Asks: 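Would you mind keeping the following structure in view while I ask a few things?
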Amino acid sequence: MKIKDAEIISLMQDPRTQDKGVRALMDAYQSRLYWHIRRIIVDGDLAQDTLQETFIKAYQNFHQFKNDSQLYTWLYRIATNEALQQVNKLKKMQKTDEDPEYHMQNLVADNVEGDAEEIQTLLQNAIQSLPEKQKLVFMMRYYDDLPYEEISKIVDMSVGTLKTNYHYAKQKIEEYIKENYER
């Protein structure tokens, strides 16, 4: 039986049941947050580490949860911030390590066959080439199917700005795939 947010919040707010609350929080949101983080970071091991950091931050800062948004929205924001911090660390390392495009191509690996694999790789490369805000909005809207209003709360942007970012992201992805797809 799936535990409701109100129960998780209640468990987390009571020091005697906080451990049980953390386990319930992780059980309820681990998979969704992992895949959100994974689309930002791409590398599975690093995404898993970032997910753990997300839950640690949520645990340490639960007293800051105001209950004026959904629990998932609050967690999503923490996960997004943690993932973006990891991406920034990677970018700094890539500047000194190797060609970033080569590194991103090696991180993108879906075990699909034929054209589907190439298109999937192109899609991931296209997404990774987007500016951070466009990438974030695109992934939340396209993969997670979140409404603009919810994304607005997570990234602290107006709905109009989000729609514009999503539109430009789609255009850039389409152009990237058309330019790079070899039949």
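Any value given below was found using the heavy atoms of this structure, including those in side chains, with hydrogens, waters and symmetry copies removed. Being a predicted model, the structure only gives us computed values, none of them experimental.
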Asks: Please round to the nearest 0.5 Å and tell me the distance separating atom CD1 of Ile173 and atom CG of Leu123.
Replies: 6.0 Å
Asks: Is there a donor-acceptor pair closer than 3.5 Å between any side-chain N or O of Asp43 and the backbone N or O of Leu46?
Replies: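 Such a contact is found between Asp43 side chain and Leu46 backbone.
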Asks: Which pairs count as side chain to side chain donor-acceptor pair (under 3.5 Å) when at least one residue sits in residues 150-165, sequence neighbours excluded?
Replies: Thr73-Glu150, Ser158-Thr161
Asks: Considering residues at least two apart in sequence or located in another chain, which fulfil the ring-ring contact (aromatic ring centres under 6.0 Å, His included) criterion with Tyr148?
Replies: none
Asks: Measuring from Leu75:CG to Ile8:CD1, what's the distance to the nearest 0.5 Å?
Replies: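 Interatomic distance, Leu75 CG to Ile8 CD1, rounded to 0.5 Å: 8.5 Å.
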Asks: What about the rings of Tyr29 and Trp74, do their centers lie closer together than 6.0 Å?
Replies: no
Asks: First locate atom CG of Leu33, then atom OG1 of Thr54, and finally report the distance between them rounded to the nearest 0.5 Å.
Replies: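 Answer rounded to 0.5 Å: 6.5 Å.
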Asks: Please evaluate residues Val159 and Ile151 with respect to the criterion side chain to side chain contact (heavy atoms under 4.5 Å, CB included), reporting the C-alpha separation (whole Å), side-chain torsions for both, the decisive distance (0.1 Å), and the verdict.
Replies: CA-CA 8 Å; Val159 171; Ile151 298 171; over 6 Å; no
Asks: Run the side-chain donor-acceptor check on residues 78-87: report pairs under 3.5 Å with partners two or more places apart or on a different chain.
Replies:
from	atom 1	to	atom 2	distance (Å)
Thr80	OG1	His36	NE2	2.8
Thr80	OG1	Tyr76	O	2.7
Asn81	ND2	Arg77	O	3.3
Glu82	OE2	Lys57	NZ	2.6

Asks: Quick one: pull up NZ in Lys89 and OG1 in Thr50 and give me the separation to the nearest 0.5 Å.
Replies: 8.0 Å
Asks: Do Gln134 and Phe138 make a side-chain contact, defined as non-hydrogen atoms from C-beta onward lying under 4.5 Å apart?
Replies: no
Asks: For the atom pair CD1 (Ile9) and NZ (Lys4), what is the distance rounded to the nearest 0.5 Å?
Replies: 13.0 Å
Asks: Answer whether the closest heavy-atom distance between the side chains of Glu53 and Ile56 falls below 4.5 Å.
Replies: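 Contact flag for Glu53/Ile56 side chains = yes.
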Asks: Mind checking what makes salt bridge (charged side-chain N to carboxylate O under 4.0 Å, His left out) contact with Arg141, not counting sequence neighbours?
Replies: none
Asks: Using every non-hydrogen atom in the two residues, find where Gln30 and Gln52 come nearest and quote the distance to one decimal.
Replies: NE2-NE2, 4.3 Å
Asks: So do the side chains of Lys133 and Val155 get within less than 4.5 Å of each other, counting heavy atoms only?
Replies: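 Result no, sub-4.5 Å side-chain heavy-atom pair not found.
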Asks: What residues form a salt bridge (charged side-chain N to carboxylate O under 4.0 Å, His left out) with Lys135, not counting sequence neighbours?
Replies: Glu132
Asks: CG/Leu130 to OH/Tyr168 distance, rounded to the nearest 0.5 angstrom?
Replies: 13.5 Å
Asks: Below 3.5 Å, can you tabulate the donor-acceptor pairs from side chains in residues 13-28 to any protein atom, sequence neighbours excluded?
Replies:
from	atom 1	to	atom 2	distance (Å)
Asp14	OD1	Arg16	N	3.0
Asp14	OD1	Arg16	NE	3.2
Asp14	OD2	Arg16	NH2	2.9
Thr17	OG1	Leu11	O	2.9
Thr17	OG1	Asp14	O	3.4
Gln18	NE2	Met12	O	3.3

Asks: Taking CZ in Phe65 as the centre, count heavy atoms belonging to other residues, nucleotides or ligands within less than 6.0 Å. Is the count above 12?
Replies: yes
Asks: Please determine whether the number of non-hydrogen atoms from other residues, nucleotides or ligands lying under 6.0 Å from atom CZ of Phe62 exceeds 12.
Replies: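 It does: Phe62 CZ has more than 12 such atoms within range.
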Asks: Give me the atom names and distance for the closest heavy-atom approach of Tyr34 to Gly44.
Replies: OH-CA, 3.7 Å
